[in-house]
Amino acid sequence: MNNRLKALRAERLWTQQDLADRAGVSRQTIHSIESGKYDPSLPLAFVLARIFDARIEEVFEP
Amino acid sequence: VLVTRISELSTRRTIMEASARSRRHGGWTLGGAALLWFLSYFGARGVIESVAFGSVWVYVAAWTPALPFALLLWLLIRGIREADELERRIHLEALVVAFPLTMLMLMVLGLLEIGIELDRENWGYRHVWAFLPVLYIVGIILARRRYGQ
């Protein structure tokens, strides 16, 4: 699953750790999601979308 | 609205910092419990090897490591409950590697035991159990590589 996490994070000048802290997950989890090696669960995908004030389909696409 | 937002962010950051502190503290506690268990295991082996064969102290010493192990188990369960979803998946995949492989090894040893005399110095229970944690660690390494960590 593709995602725009890295781009959205870069727009806000956040580090992976900043995003991880906001989402309540580890930095490694953010790294794995960004690199496309791990697809987050639906609840985590919603959390990440809300952090960026975006709809889930604006952040993740199959 | 701005004050509310700042308050929310401040509260969230405080919770996250507390959570990070808790994780760091938990890691040290887990390490301490593992060390305690490790020491108790080798202490028990030392006692068992020094007392008479079949002595009641053999039973006492053999069960002694169960106490620090219970603490370790409790901390592991707590750690998994506090872990994020990817960390849980990594541990699940590690168990999926370690558990069946250990089961396979025990099955093969069991079959071999029917037909040959297994050397207790190499294939006794005290050696075989250690394969499970070793394979579990191998499983964690493989899973972490799979998820690019």
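What you see is a predicted model, and the numbers here were worked out from it, not measured in a lab. Lettering of chains follows the sequences in order, A, B, ..., and the numbering in each one begins at 1.
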Handout entry: Other residues, nucleotides, ligands: >12 heavy atoms within 6.0 Å of W129(B) CH2
Key = yes

Exercise for the section: Spell out, yes or no, whether L92(B) and L86(B) are grouped together once hydrophobic residues are joined by side-chain heavy atoms under 4.5 Å, including indirect joins. Expected result: no

Problem - More than 12 heavy atoms of other groups within 6.0 Å of E11(A) CD - result: yes

Handout entry: Nearest-0.5 Å distance that lies between atom CD1 in I90(B) and atom OG1 in T29(A)
Key = 7.0 Å

Problem - Straight-line distance of K37(A) NZ to R145(B) CZ, nearest 0.5 Å - result: 9.5 Å

Practice task
Look at the side-chain heavy atoms of Ile, Leu, Val, Met, Phe, Trp and Tyr, link any pair under 4.5 Å apart, and say whether V97(B) and I140(B) land in one connected group.
Solution key: no

Exercise for the section: For M1(A), look at atom CE and say whether over 12 heavy atoms of other residues, nucleotides or ligands are found less than 6.0 Å away. Expected result: yes

Practice task
Check whether more than 12 heavy atoms from other residues, nucleotides or ligands sit under 6.0 Å from atom CZ of R55(A), and answer yes or no.
Solution key: no

Completion exercise
Here the pair of heavy atoms bringing S26(A) nearest to D84(B) is N-OD2, 2.8 Å

Problem - Which portion of P40(A) sits near chain B, non-hydrogen atoms under 4.5 angstrom - result: both

Handout entry: Test item: E85(B) side-chain N/O and S41(A) main-chain N/O as donor-acceptor pair under 3.5 Å
Key = yes

Problem - Worked verdict on Y147(B) versus Q28(A) for side chain to side chain donor-acceptor pair (under 3.5 Å) - result: CA-CA 9 Å; Y147(B) 294 111; Q28(A) 289 85 353; over 6 Å; no

Handout entry: Portion of R146(B) that has a non-hydrogen atom of chain A nearer than 4.5 angstrom
Key = backbone

